**Student:** 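I have a structure I would like to understand better, so I am pasting it below and will then ask my questions one at a time.
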Amino acid sequence: MSRTEPVSISAIDVARVDDRPLWVEISGNEVWWDEPRPHEGGRRCVVRRRADGTVEDVLPKGWNARNRVIEYGGRSWRSHQGSLVFTNWADQRLYLCPPGGEPVPLTPEGPARYGDLVIHGDEVWCVREIGRDRAIVAVPLDGGPLRVVIQAQHFLMNPRISPDGRHIAWIGWNHPDMPWDATELCVAPLDGASGASAEEAPLADRPYTVVAGGAVAQAEWRDARSLYAVTDTTGWWNIHLVPLDLPLDLPPGAPDSGETGGGETSGGETASTGAVARNLTPLPMEFGDAVWKLGQTFFAVSGGSLVTMYGTADRRRLGVLDESGAPPREIGGDATYWSPTLSTDGTHVVGVAASPYRPYEVVRIELATGVRETLSPAKNLPPAELLPTPESVTIDGVHAHLYPPLRSPSPEGTAEGPPPYVVFVHGGPTSAAAPILDLEVAYFTSRGIGVAEVNYGGSTGYGRAYRERLRHNWGIVDVRDSETVARRLLTDGRAGKVAIRGGSAGGWTSLAALVHSDVFCGAVAHYAIADPESWAAETHDFESRYLDGLIGPLPETRQRYIDRSPALHAAQASGPALLMHGLEDAIVDPSQAERFAAELDRHGGRWAYLAFPGEQHGWRREETIVAVLEAELAFYGLIFDFPTPEVPPLVLRGPNP
């Protein structure tokens, strides 16, 4: 590397390539997608690429295509005859934005949130959430009154109308299950193409049929008598063909001839079908994933075939699948990971792909030839020599991705001994880290700090059995697996010291490891859970029973909550903690960080706490991303003992060591 080239990646470099497109859509001869705009206050802007290759904003400035259904959000926009239908973050209402015009509201002011949008005729069908009540509703695009179509399970997603317009399919589940535990794929009759009429009761009061179980992550109509569904009844999220042996020509409200099962569900009589689903992908691979956002698409129907993503958390491919049971024909090229959003017109597929050397970008592939075109190439990427190459390893049964540092953390390169490492713990905890270009990782490796991303037991991408290692063991298995990787780095001489960091559930693991293990010399916790019992009482509806499966039901297993709480064991901290939290976080209240800081302070621990007004659960504003990264680097300088003159100093409260 010449002296004129940069020697490290800056925080502003990270902020400008942060996050990814969430949704894509082929619309005629155009491709539409949304993209994060950290430099515009963190809004999401919908753009389109015209046939001539020009890209332009569809959503005017000041508007943000994002919603907070189940707090994590759902599919937030669709195209319709050149117009944009979207949910706006500021008021959570549905809007129609004509080409070149200003958005017009489709729903009234009020507490309702809308997400998981799909266009059906001249209506948008979606999930409406008002407090703890959810329904699938139909909203006319001409501004007419909305209609409630489905009120069944406590949570609903994936509204899909059959090709003949006579039936609707959806996925639902109830507390205490999470969508990766158990869901129901349901089908119910409609009144022709227009659905239930305004005068009729919603379908909660009429029969619906449960046609598939397990953890159904997505379903699409194959034809009027069958569905494709991703479910994990085999222990892996595989794609199944689900035939419907129910009388599809029955008028709405007529008795169902299916075998009754399940009794009443949310006031609606259910029936189960005797049809047998056929596994189209009998492979030990994941063709789906945990549903944290409503509307994710792991496969798209293309005539008589499917375009699907598949693999493990170490590599997720893209392929074309038929119904023969043969493995997919791979078309993904050198991309090693695909985000759960796909759109196809039968000739091309559009998705969002990444690799160890490219961040997530919108990609279009010709299905017949595999010819690939990047539609949203990342700009201002650092030089390739500053980017780390991940090494996927398994250490005593624990999956991890290792990113070695590129140089010594000492500016003069005189530091002796192995470099410091930081264990990165992903959130969720039902999620996974992928071995792709992450400039947040590269920010630290370019400065001499190695990174080990740990996919601890409970992570997705390795089958249900690995995922359920965490059941009732959160705060134990995740901590132990993180410690396993850290100790191997130390004993093999790859690391001299090891810290740990994470966000949300990853922040919980980081704090739990700090107080329940002696291997970590410090912890960084972004918007972290610090006390599980109080969090269970404070958090939102979607995750309010999550801890039943992760730790155990309350009050029966309260002692587990006490034993594992980082806040209640702060006196045992093996090093300092840096706590950072958004003040508008509705998922993990800032009081969680404040409690842990207070306990560290009470017991003579060392800590720093940074709060960010206007931020929610995750960093979206450019200035916040920069401040957070620079504070984290300053923290590592303190605990790893190297200078960080390029960032503002960080002062730890508590006694000096």
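Keep in mind the model is a prediction, meaning the values are calculated, not measured.
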**Student:** Scan side-chain atoms only and decide if Gln218 and Glu220 contain a donor-acceptor pair under the 3.5 Å cut-off.
**Tutor:**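 Side-chain D/A pair, Gln218 to Glu220: present.
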**Student:** What's the spacing between Phe287 CZ and Tyr228 OH if we round to 0.5 Å?
**Tutor:**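 Separation between the atoms: 14.0 Å.
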**Student:** So does Glu40 pair up with Lys61, basic N to acidic O under 4.0 Å?
**Tutor:**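 Here Glu40 does not pair with Lys61 in a salt bridge, since their nearest N and O are not under 4.0 Å apart.
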**Student:** Step through it carefully: locate the ring centre of Trp33, locate the ring centre of Trp77, and say whether they are under 6.0 Å apart.
**Tutor:**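 Centroid distance Trp33-Trp77: not below 6.0 Å, so no.
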**Student:** Between Ser534 and Arg595, is a side-chain contact (heavy atoms from CB on, under 4.5 Å) present by the stated rule, with each step listed?
**Tutor:** CA-CA 10 Å; Ser534 60; Arg595 285 191 189 105; 3.0 Å; yes
**Student:** Report yes if the side chains of Trp474 and Leu470 come closer than 4.5 Å at any heavy-atom pair, otherwise no.
**Tutor:**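 Heavy-atom side-chain distance check passes, below 4.5 Å.
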**Student:** Are Asp541 and Arg134 close enough for a salt bridge, meaning some N to O gap below 4.0 Å?
**Tutor:**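 Salt bridge flag = yes for Arg134 with Asp541.
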**Student:** Can you measure from CG (Asn64) to SG (Cys45) and round to the nearest 0.5 angstrom?
**Tutor:**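 It comes to 9.5 Å.
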**Student:** Run the side-chain contact (heavy atoms from CB on, under 4.5 Å) check on Asp122 and His80 step by step: do they pass?
**Tutor:** CA-CA 9 Å; Asp122 291 324; His80 177 66; 3.9 Å; yes
**Student:** Mind checking whether Trp619 and Tyr527 have parallel, tilted or perpendicular rings, split at 30° and 60°?
**Tutor:**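 Perpendicular, since the angle between the ring planes exceeds 60°.
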**Student:** Is it true that the side chains of Gln296 and Thr341 contain a donor and an acceptor less than 3.5 Å apart?
**Tutor:**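 Absent: no donor and acceptor within the cut-off.
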**Student:** Would you say the side-chain atoms of Arg43 pair up with the backbone N or O of Pro38, donor to acceptor, closer than 3.5 Å?
**Tutor:**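 Absent.
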**Student:** Determine, stepwise, if the pair Glu543 / Ile587 fulfils side-chain contact (heavy atoms from CB on, under 4.5 Å).
**Tutor:** CA-CA 8 Å; Glu543 293 184 275; Ile587 294 172; 3.4 Å; yes
**Student:** So does Asp34 pair up with Arg44, basic N to acidic O under 4.0 Å?
**Tutor:**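 A salt bridge is present here (some side-chain N lies under 4.0 Å from a carboxylate O).
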**Student:** Could you tell me whether the side chain of Val425 reaches within less than 4.5 Å of the side chain of Trp508, counting heavy atoms only?
**Tutor:**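 Answer no - side chains too far apart.
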**Student:** Do NZ/NE/NH1/NH2 and the carboxylate oxygens of Arg316 and Asp289 come within less than 4.0 Å?
**Tutor:**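 Answer for the salt bridge query: yes.
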**Student:** Mind checking the CZ-CG spacing from Arg560 to Leu554? Nearest 0.5 Å is all I need.
**Tutor:**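 Reported value, rounded in 0.5 Å steps: 10.0 Å.
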**Student:** Between CD of Gln153 and CG of Asp177, what distance do you get to the nearest 0.5 Å?
**Tutor:**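 Going from CD on Gln153 over to CG on Asp177, the span is 11.0 Å.
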**Student:** Using the ring of each side chain (for Trp, its six-membered ring), is Tyr72 parallel, tilted or perpendicular to Phe542, with breaks at 30° and 60°?
**Tutor:**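 Judged by the thresholds at 30° and 60°, the geometry between Tyr72 and Phe542 is perpendicular.
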**Student:** Between Glu25 and Arg75, is the closest basic N to carboxylate O distance under 4.0 Å?
**Tutor:**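 Salt bridge flag = yes for Glu25 with Arg75.
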**Student:** For residues 101-115, dump all side-chain donor-acceptor pairs below 3.5 Å to protein atoms at least two apart in sequence or in another chain.
**Tutor:**
unit_1	atom_1	unit_2	atom_2	d
Thr107	OG1	Leu94	N	3.0
Arg113	NH1	Arg68	O	2.8
Arg113	NH1	Glu71	OE2	3.0
Arg113	NH1	Glu129	OE1	3.3
Arg113	NH2	Glu71	OE2	3.3

**Student:** Examine the side chains of His526 and Ser504 and answer whether a donor and an acceptor come within less than 3.5 Å of each other.
**Tutor:**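 On atom types as modelled, these side chains do not qualify, holding no pair under 3.5 Å.
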**Student:** With distance as the sole criterion, is a donor-acceptor pair present between the side chains of Ser565 and Asp531 under 3.5 Å?
**Tutor:**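 Their side chains do contain a donor-acceptor pair, which is all the 3.5 Å distance test asks for.
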**Student:** Just by distance, no angles: are the side chains of Trp535 and Glu533 close enough, under 3.5 Å, to form a donor-acceptor pair?
**Tutor:**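 Glu533 and Trp535 do not have a side-chain donor-acceptor pair below 3.5 Å.
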**Student:** Indicate yes or no for a side-chain donor-acceptor contact from Thr281 to the backbone of Asn238 under 3.5 Å, with no hydrogens or angles considered.
**Tutor:**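 Between the backbone of Asn238 and the side chain of Thr281 there is no qualifying donor-acceptor contact (under 3.5 Å).
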**Student:** Quick one: CG on Asp164 to CH2 on Trp221, what's the gap to the nearest 0.5 Å?
**Tutor:**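 These two atoms lie 7.5 Å from each other.
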**Student:** Arg93 and Thr87: side-chain donor and acceptor closer than 3.5 Å?
**Tutor:**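 There is no such pair (donor and acceptor under 3.5 Å, judged by atom type) between the side chains of Arg93 and Thr87.
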**Student:** Strictly by modelled atom types, are His154 and Asn174 linked by a side-chain donor-acceptor pair under 3.5 Å?
**Tutor:**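 Per modelled atom types, His154 and Asn174 side chains form no pair under 3.5 Å.
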**Student:** Between the side chains of Arg37 and Asp57, is the shortest nitrogen-to-carboxylate-oxygen separation below 4.0 Å, so that they form an ion pair?
**Tutor:**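 Salt bridge between Asp57 and Arg37, a charged N being under 4.0 Å from a carboxylate O: yes.
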